[in-house]
Amino acid sequence: MKTSEQSSTQRGYRRIIPSMTALLEFEAVARNSSITLAARELGVTQAAVSKQIRILEENIGTQLFQRMPRGVRLTGEGQALFAVMSESLQKVAAVFDRLSEGCGEQQLVLSTTATFSHLRVMPRLNSLQAAMPFIRLRLATQMFTGDLRNHDVDLMVRYGNGRWMDGTALHLFDEEVFPVCSPAWLARNSVPSSLEALYTADLLDAEATTEGWMTWPTWFRALGASPPKLGYRLRCQLYTDTIQAALHGHGVALGWGRMLDHLLASGELVRLTDFLIKPKEAYYLVVPQGRDTTSTIMGLAQWLRR
C-alpha cells in the first residue's frame with residue numbers, strides 16, 4: 001500500500017515532468033542537432049517533433065534550442081537538460097540490456113583496473129566458465145580506483161588496506177614485488193649483484209595510479225636504499241605497457257607476482273634477482289554497501305584467489 005508521502009512524490013514527478021514523449025524527442029533532436037533527423041529516427045513527422053519541443057519549452061518556461069538556418073543548437077539550459085537525459089537513457093538502456101540477456105544466467109559487473117583485468121582475469125577466463133558456467137562476467141575496466149556509490153557495478157577489485165567506507169572487503173591475496181625481465185634481455189646483460197648495480201640497468205617503470213602502488217624509487221627505498229636520480233629506459237602511464245616492454249626485451253620492470261605468475265610460469269618473464277618487497281597492502285573484492293555477500297560472490301572471490 002502506497003504511503004501518502006510516496007503518492008505525493010509520484011504526483012510531484014508527473015507535475016514536473018508532464019511528458020516522457022517530449023523528453024525522448026528532445027534527446028533525439030539534441031543528439032542529432034536537427035528536428036528533421038530526429039523525426040526520421042523516431043518514425044514521426046517533423047511537425048510532431050516540433051510540437052513536442054514547443055510543449056516542453058512551454059512547460060519548463062525556458063528556451064531549449066536556438067533555431068538556426070540549418071538545424072538547431074542547444075541553449076545553456078538545453079545543454080544542462082541534455083546532459084542529464086543522455087546519461088539517464090544510457091543507464092536505462094544498460095539495465096534493459098542486462099535484464100534481457102540469457103535465461104538461467106547471472107550477469108555480474110566486475111570493476112577492476114586494466115592491470116588486474118589484463119593480467120589476472122583474462123588469462124583465467126576459461127577456468128571461470130568451467131567453475132561457474134551460470135555466470136556471465138562483464139568487466140568495467142578503469143584506470144583509477146573508483147567510488148562504489150557512483151558506479152553501476154556489482155563488485156570491485158581494489159588494492160589497498162581493505163578498509164573502505166563504501167563496501168565490504170573480502171581478502172583475495174597478498175603480493176610480492178621483485179624485478180623481472182625477458183630471457184632475451186637476460187641473455188644480453190649480467191645479473192645485478194647488488195641494488196646499486198640495479199640502479200644502472202635498463203629500468204622500465206609505470207606511473208603510480210593505485211593506492212600503495214610501487215614505482216622503482218619507492219621499491220628501492222622500501223629496501224633501505226637511497227637511489228640517485230634514475231635513468232629509465234622507458235616510462236609508461238599503464239603498467240600493462242611496462243610489462244609489454246619487458247616481454248619485448250627492452251629492460252627490467254617491477255614484477256607484481258600475483259599479476260605475472262602465468263608469465264613467470266611459462267618462462268616469458270624471469271625473476272632477475274632475489275630482492276623483493278612484500279607490501280602491507282593486498283587485493284580485495286569489495287561488495288557495495290547494502291548488498292548481500294551471496295554464495296555466487298563468494299564463489300567468484302574463490303575463483304579470483306585461484
Value rounded to 0.5 Å, distance of [atom1] in [X] from [atom2] in [Y]:
| X | Y | atom1 | atom2 | value |
| --- | --- | --- | --- | --- |
| Tyr199 | Ser194 | OH | OG | 8.0 Å |
| Ile35 | Ser33 | CD1 | OG | 11.0 Å |
| Leu254 | Met259 | CG | CE | 14.5 Å |
| Thr215 | Leu230 | OG1 | CG | 9.0 Å |
| Leu125 | Leu137 | CG | CG | 7.0 Å |
| Thr112 | Arg158 | OG1 | CZ | 12.5 Å |

Q: Answer yes if Leu170 and Leu128 sit in the same cluster of Ile, Leu, Val, Met, Phe, Trp and Tyr residues linked by side chain heavy atoms under 4.5 Å apart, and no otherwise.
A: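 Linked, Leu170 and Leu128 end up in one cluster.
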Q: I would like to know whether Leu110 and Leu285 meet side-chain contact (heavy atoms from CB on, under 4.5 Å); could you show each step before the answer?
A: CA-CA 9 Å; Leu110 176 65; Leu285 184 65; 3.8 Å; yes
Does [X] reach the side chain of [Y], with side-chain heavy atoms less than 4.5 Å apart?
| X | Y | value |
| --- | --- | --- |
| Met132 | Thr296 | yes |
| Glu175 | Tyr283 | yes |
| Asp202 | Val252 | no |
| Thr75 | Thr62 | no |
| Ile60 | Leu81 | yes |
| Leu24 | Gln52 | no |
| Lys51 | Ile55 | yes |
| Leu172 | Tyr159 | no |

Q: Evaluate whether atom CZ of Arg67 has more than 12 neighbouring non-hydrogen atoms of other residues, nucleotides or ligands under 6.0 angstrom away.
A: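 Enclosed: over 12 neighbouring heavy atoms sit under 6.0 Å from CZ of Arg67.
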Any donor and acceptor pair, going by atom type alone, linking the side chain of [X] with main-chain N or O of [Y] inside 3.5 Å?
| X | Y | value |
| --- | --- | --- |
| Arg233 | His250 | yes |
| Gln63 | Glu57 | no |
| Thr218 | Met214 | no |
| Trp216 | Leu204 | yes |
| Gln66 | Arg73 | no |
| Asn32 | Ser34 | no |
| Arg188 | Gly249 | yes |
| Arg258 | Trp256 | no |
| Arg305 | His171 | yes |
| Asp154 | Val109 | yes |

Q) Going through the checks in order, is the side-chain contact (heavy atoms from CB on, under 4.5 Å) test met by Met298 and Thr293? A) CA-CA 7 Å; Met298 294 302 295; Thr293 304; 3.5 Å; yes
Closest approach of [X] to [Y] (non-hydrogen atoms, all atoms of both residues):
| X | Y | value |
| --- | --- | --- |
| Gly160 | Tyr284 | O-CE1, 3.4 Å |
| Val180 | Leu269 | CG2-CD1, 4.3 Å |
| Gly78 | Phe26 | O-CZ, 3.5 Å |
| Ile277 | Ala222 | CD1-CB, 3.6 Å |
| Ala169 | Gly162 | CB-O, 3.4 Å |
| Cys181 | Leu186 | SG-CB, 4.0 Å |

Q | Glu25 and Leu56: CA distance, side-chain angles, deciding distance, side-chain contact (heavy atoms from CB on, under 4.5 Å) verdict | A | CA-CA 10 Å; Glu25 296 194 6; Leu56 188 59; over 6 Å; no
Q. Are the charged groups of Asp261 and Arg120 less than 4.0 angstrom apart, N to O?
A.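 Looking at Asp261 and Arg120, the cut-off is met.
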Q: Might you work through the side-chain contact (heavy atoms from CB on, under 4.5 Å) test for Gln129 and Asn126, ending with a clear yes or no?
A: CA-CA 5 Å; Gln129 178 65 26; Asn126 285 340; 5.7 Å; no
Q: Give me the ring orientation class for Tyr239 and Trp213: parallel if the planes are under 30° apart, tilted from 30 to 60°, perpendicular past 60°.
A: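 Perpendicular: the ring planes of Tyr239 and Trp213 meet at over 60°.
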